[in-house]
Visitor: 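First, the structure itself, so that you have it in front of you.
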Amino acid sequence: MASLLVIGLDGATLDLIGPWAAEGRLPVLAGLLARGAWGRLRSTVPAATFPAWTSLVTGVNPGRHGVLDFTERVPGTYRVRFVNGSHRRVPALWNRLSAAGRRVAVLTVPATYPPEAVNGVMVSGFDSPLATAIDGSFVHPRALYRDIQRLIGRVPFADFQELATGPGWHETALARLMDGIARRTALAEALLRRERWDALMVVFGESDTVAHHFWRFHDRRSPRHAPSRFGDSVAEIYEALDRAVGTLVAAAPAGTAVAIVSDHGSGGAGDGVAHVNRRLAECGLLGFRGRRAGRLGRLARAAALRAVPVRLQGPLLRRAPATAGRLEGMHRFAGIDWPRTRAYSEELDYHPSVWLNLRGRDPEGTVEPAAYEETRERVAAALASWRHGDGRPVIARIWRREEVYDGPFVARAPDLLLELTTIDGYTTSCLRSDGPGPALRRLTPAEHGGGKGRGMNGTHRPDGLFVLAGEGVRLAGELPAADIVDMLPTLLALAGLPVPRGLDGRPITGALPAPPRFVADPVDAPGAAAVPYSAGEARDVARRLAALGYFEADA
């Protein structure tokens with residue numbers, strides 16, 4: 001029975017690891033590649049943090065596990081509410097191992113707040129509702145918090161903002177990223193040396209963050225390239241992560257199977273911008289109320305995020321439930337004239353999509369349910385015919401939600417999901433329309449280094465990676481690409497457990513010495529209802545996600 005060491009490198013890509021490993025810059029990862037099995041790992045659609053990591057640890061698509069994004073729509077409103085780990089409605093890796101009597105340690109995996117009563121320890125991810133670090137409410141058992149304080153002081157989450165990247169920002173950010181790697185490594189190493197775990201999983205987010213903000217310094221071909229002393233920063237973070245992997249592999253017990261995984265890949269963004277709502281307006285599918293209405297919505301949200309001191313926000317917002325989601329919805333949809341709108345987009349750069357303004361679902365719906373399919377086809381056609389000046393399509397792919405998702409939660413997804421065209425290897429940014437104007441434009445040079453929500457210079461790519469090595473792994477070299485849902489059944493097989501029938505994923509058999517056993521699922525779905533954030537917690541999460549730039553915010 002092999003122990004498992006699962007190390008997540010958020011946003012890590014073989015496009016970088018392959019060449020750097022070959023050059024000797026990543027000796028630990030190079031060694032794992034040489035003595036194991038590896039390949040690309042296709043992410044979810046969209047390739048976004050919460051649905052992707054949740055699919056990786058559950059083996060099913062977001063339509064089945066219920067975590068489709070950081071937020072979900074509040075039925076009957078244009079508001080959104082924030083999603084946490086309790087919204088996951090199927091067992092995860094640690095639940096299955098715990099049910100089998102295995103001891104587990106789960107550290108900073110996204111979408112794991114509130115912590116679960118696993119057979120072992122859990123430290124929740126950055127969805128924990130605290131500004132920059134954890135306290136006792138984000139760990140299981142709570143007594144572990146004292147050990148964390150003693151060992152590393154704190155576990156940093158989002159301890160610097162990612163919106164405004166002005167003078168001095170990159171130097172500070174790089175130091176914080178290095179500190180985060182060091183602290184997370186020290187915690188995981190201490191736990192590995194304290195007890196022989198049957199499985200330890202830890203996720204490092206630094207590979208994602210450095211790609212978002214430092215890509216244009218690293219990539220000389222980028223349309224946004226800027227010569228800088230930070231030109232090697234992406235490589236430096238990958239090198240630090242390589243050392244972290246080496247430390248943890250060395251601390252793991254003999255007979256350990258090692259899995260290095262990422263939720264999606266990373267690449268560069270071009271200087272093109274697409275405003276989906278302006279395109280819908282051009283096609284007579286959306287109406288704007290004018291710039292003043294949109295500006296008022298943005299100002300209200302920005303003021304709410306900044307005006308109240310952190311120490312007073314919890315008590316204040318407990319008297320105003322759902323304020324965080326209401327303000328986020330106000331911001332996303334500010335300026336839309338609902339009676340003149342048949343389709344609209346949240347215009348999230350990491351999650352381009354379109355909703356129909358459906359009567360009976362939306363408060364001011366204009367599309368009759370009987371006209372749903374006809375209207376959706378009309379919207380898809382309008383987007384498919386959208387062209388850049390050189391004739392290339394703006395939208396590479398358009399999916400109906402049921403083409404992407406399957407399961408009881410499909411209705412939580414937007415009606416259409418979009419993939420913007422990659423031009424010469426670089427993505428087009430999807431940014432807020434902010435009222436009428438051109439649907440396509442170029443970033444000005446002053447915008448090339450914009451933070452999250454303003455067209456980052458590094459963006460997600462659909463292909464992440466898997467590297468498997470050690471106990472129970474066949475030396476197979478590069479394997480065909482796998483789907484992200486294939487990782488959970490593969491890890492169960494490496495742990496010597498049977499694979500439940502009915503998962504969306506299948507074991508990566510090329511990495512296994514023998515076919516796994518399949519059984520009826522021995523673990524029940526979570527019985528308790530989802531636990532929403534309290535009003536104060538929702539505000540803390542809103543502040544963090546705004547600082548991280550997952551939602552556009554005004555400076």
Side-chain angles (χ1 to χ4, degrees), residues 40-56 58-73 80 83 263-265 267 274-277 279-280 283 285-286 332 342-358 361-362 367 369 371-388 392-423 427-431 439 459-464 481-486 504-505:
R40 296 184 181 272
L41 196 64
R42 290 184 292 262
S43 188
T44 50
V45 176
T49 299
F50 266 29
W53 281 115
T54 307
S55 291
L56 187 146
T58 62
V60 300
N61 80 91
R64 290 180 63 184
H65 62 60
V67 178
L68 283 82
D69 194 7
F70 297 105
T71 63
E72 64 182 13
R73 293 280 302 278
V80 299
V83 168
D263 55 335
H264 54 75
H275 298 287
V276 176
N277 281 341
R279 172 59 180 176
L280 295 173
C283 298
L285 295 163
L286 180 145
R332 291 188 187 187
R342 300 180 67 77
Y344 58 96
S345 175
E346 295 172 275
E347 296 184 307
L348 301 174
D349 197 15
Y350 70 93
H351 193 333
S353 60
V354 172
W355 294 85
L356 300 192
N357 193 23
L358 188 64
R361 180 181 70 185
D362 297 299
V367 177
Y372 177 85
E373 287 299 342
E374 176 188 351
T375 305
R376 189 162 63 159
E377 290 299 321
R378 179 184 168 191
V379 174
L383 294 172
S385 64
W386 194 8
R387 292 289 186 269
H388 288 284
R392 284 184 281 192
V394 176
I395 308 293
R397 293 193 66 180
I398 302 171
W399 294 275
R400 284 76 177 156
R401 61 187 181 185
E402 63 273 13
E403 294 175 323
V404 174
Y405 304 129
D406 172 67
F409 304 110
V410 173
R412 294 183 183 177
D415 299 292
L416 295 169
L417 294 103
L418 315 177
E419 179 186 325
L420 274 64
T421 298
T422 298
I423 298 177
T427 58
T428 300
S429 297
C430 176
L431 299 184
T459 58
H460 294 178
R461 292 291 189 275
D463 286 350
D483 289 319
I484 198 164
V485 292
D486 296 337
D504 292 333

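If you read the sequence from its start, that first residue is 1, and numbering goes on from there.
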Visitor: Heavy atoms only: give me the nearest Leu285-Ala382 pair and the separation to one decimal.
Guide: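 For Leu285 versus Ala382, the nearest heavy atoms are CD1-CB, 4.1 Å.
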Visitor: With a 4.0 Å cut-off on N to O distance, would you call Arg401 and Asp415 a salt bridge?
Guide: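 Yes, this pair counts.
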Visitor: To the nearest 0.5 Å, what is the distance between CG on Asp362 and CG on Asn357?
Guide: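 Here the rounded value is 5.0 Å.
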Visitor: Nearest 0.5 Å, please: how far is CD1 in Ile395 from CZ in Arg387?
Guide: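 Between atom CZ of Arg387 and atom CD1 of Ile395 there are 10.5 Å.
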Visitor: Once rounded to the nearest 0.5 Å, what's the spacing between atom CH2 of Trp355 and atom CZ of Arg73?
Guide: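 Trp355 atom CH2 to Arg73 atom CZ measures 5.0 Å (nearest 0.5 Å).
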Visitor: Holding to side-chain hydrogen bond (donor to acceptor under 3.5 Å, both in side chains), I want the full list of residues that pass it with Trp399, two or more places apart in sequence or in another chain.
Guide: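 For Trp399, no residue satisfies side-chain hydrogen bond (donor to acceptor under 3.5 Å, both in side chains) once neighbours in sequence are set aside.
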Visitor: CG/Leu286 to CZ/Arg342 distance, rounded to the nearest 0.5 angstrom?
Guide: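 Leu286 CG to Arg342 CZ: 12.0 Å, rounded to 0.5 Å.
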Visitor: Is it true that Arg376 and Glu403 make a salt bridge, defined as a side-chain N closer than 4.0 Å to a carboxylate O?
Guide: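 Looking at Arg376 and Glu403, the cut-off is not met.
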Visitor: Evaluate side-chain contact (heavy atoms from CB on, under 4.5 Å) for Thr58 paired with Arg64, printing each intermediate quantity in order.
Guide: CA-CA 10 Å; Thr58 62; Arg64 290 180 63 184; over 6 Å; no
Visitor: For the atom pair CD (Glu377) and OH (Tyr372), what is the distance rounded to the nearest 0.5 Å?
Guide: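 Between atom CD of Glu377 and atom OH of Tyr372 there are 10.5 Å.
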Visitor: Working note: Thr44 + Ser55, criterion side chain to side chain donor-acceptor pair (under 3.5 Å); need CA distance, chi angles, decisive distance, verdict.
Guide: CA-CA 8 Å; Thr44 50; Ser55 291; 5.4 Å; no
Visitor: Any chance you could lay out the side-chain contact (heavy atoms from CB on, under 4.5 Å) test for Glu346 and Val80, step after step, and finish with the verdict?
Guide: CA-CA 11 Å; Glu346 295 172 275; Val80 299; 4.3 Å; yes
Visitor: Taking C-beta and beyond as the side chain, do Asp69 and Tyr350 meet within less than 4.5 Å on heavy atoms?
Guide: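 They are in side-chain contact.
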Visitor: For a quick test of reading the model, state the closest non-hydrogen atom pair linking Val83 to Phe50 and the distance between them.
Guide: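 Heavy atoms of Val83 and Phe50 come nearest at O-CE2, 3.5 Å.
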Visitor: Answer yes or no: is there a donor N or O on one side and an acceptor on the other, between the side chain of Ser345 and the main chain of Val354, under 3.5 Å?
Guide: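 Not a single qualifying donor-acceptor pair exists.
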Visitor: Test your reading of the model: is there a side-chain donor-acceptor pair from His460 to the backbone of Ala47, 3.5 Å cut-off?
Guide: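 A pair under 3.5 Å: yes.
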Visitor: How far apart are the closest heavy atoms of Glu347 and His275, and which atoms are they?
Guide: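 Heavy atoms only, the tightest pair is OE2-C, 3.6 Å.
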Visitor: Search all heavy atoms of His351 against all heavy atoms of Pro414 and return the closest pair with its distance.
Guide: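 Nearest pair, atom of His351 first, then Pro414: CE1-CG, 4.2 Å.
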Visitor: If every non-hydrogen atom of Val379 is compared with every non-hydrogen atom of Leu280, which pair is closest and at what distance?
Guide: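 Heavy-atom minimum between the residues: CG1-CD2, 4.0 Å.
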Visitor: Can any side-chain N or O of Asn61 pair as donor or acceptor with the backbone N or O of Asp406 at less than 3.5 Å?
Guide: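 Yes, the answer is positive, given that a donor and an acceptor are paired below the 3.5 Å cut-off.
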Visitor: Given Leu417 and Arg397, is the side-chain contact (heavy atoms from CB on, under 4.5 Å) satisfied, shown in steps?
Guide: CA-CA 8 Å; Leu417 294 103; Arg397 293 193 66 180; over 6 Å; no
Visitor: Using 0.5 Å steps for rounding, measure from the CD1 atom of Ile484 to the OG1 atom of Thr54.
Guide: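 Reported to 0.5 Å precision, the distance equals 9.0 Å.
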Visitor: Verify, without hydrogens or angle tests, whether Thr421 (side chain) and Pro393 (backbone) share a donor-acceptor contact under 3.5 angstrom.
Guide: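 Yes, because the side chain of Thr421 sits within donor-acceptor range (under 3.5 Å) of the backbone of Pro393.
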Visitor: Could you pull out the closest heavy-atom pair between Leu420 and Ala274, with the gap in Å?
Guide: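 Heavy atoms of Leu420 and Ala274 come nearest at CD2-CB, 3.9 Å.
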Visitor: Kindly write out the residues that satisfy side-chain hydrogen bond (donor to acceptor under 3.5 Å, both in side chains) with Asp463, not counting sequence neighbours, or none if the list is empty.
Guide: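 Asp463 satisfies side-chain hydrogen bond (donor to acceptor under 3.5 Å, both in side chains) with no other residue.
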Visitor: Going through the checks in order, is the side-chain contact (heavy atoms from CB on, under 4.5 Å) test met by Phe70 and Thr49?
Guide: CA-CA 8 Å; Phe70 297 105; Thr49 299; 4.0 Å; yes
Visitor: So, does Asp483 use its side chain to make a donor-acceptor pair with the main chain of Val485 at under 3.5 Å?
Guide: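 Such a contact is absent between Asp483 side chain and Val485 backbone.
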Visitor: Do Arg361 side-chain atoms and Leu356 backbone N/O form a donor-acceptor pair below 3.5 Å?
Guide: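 Present.
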Visitor: Under 3.5 Å, is there a donor-acceptor pair linking the side chains of Arg279 and Ser385?
Guide: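 Side chains of Arg279 and Ser385: pair found under 3.5 Å.
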Visitor: Between Asp349 (side chain) and Cys430 (backbone), is there a donor-acceptor pair under 3.5 Å?
Guide: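 Answer holds: yes.
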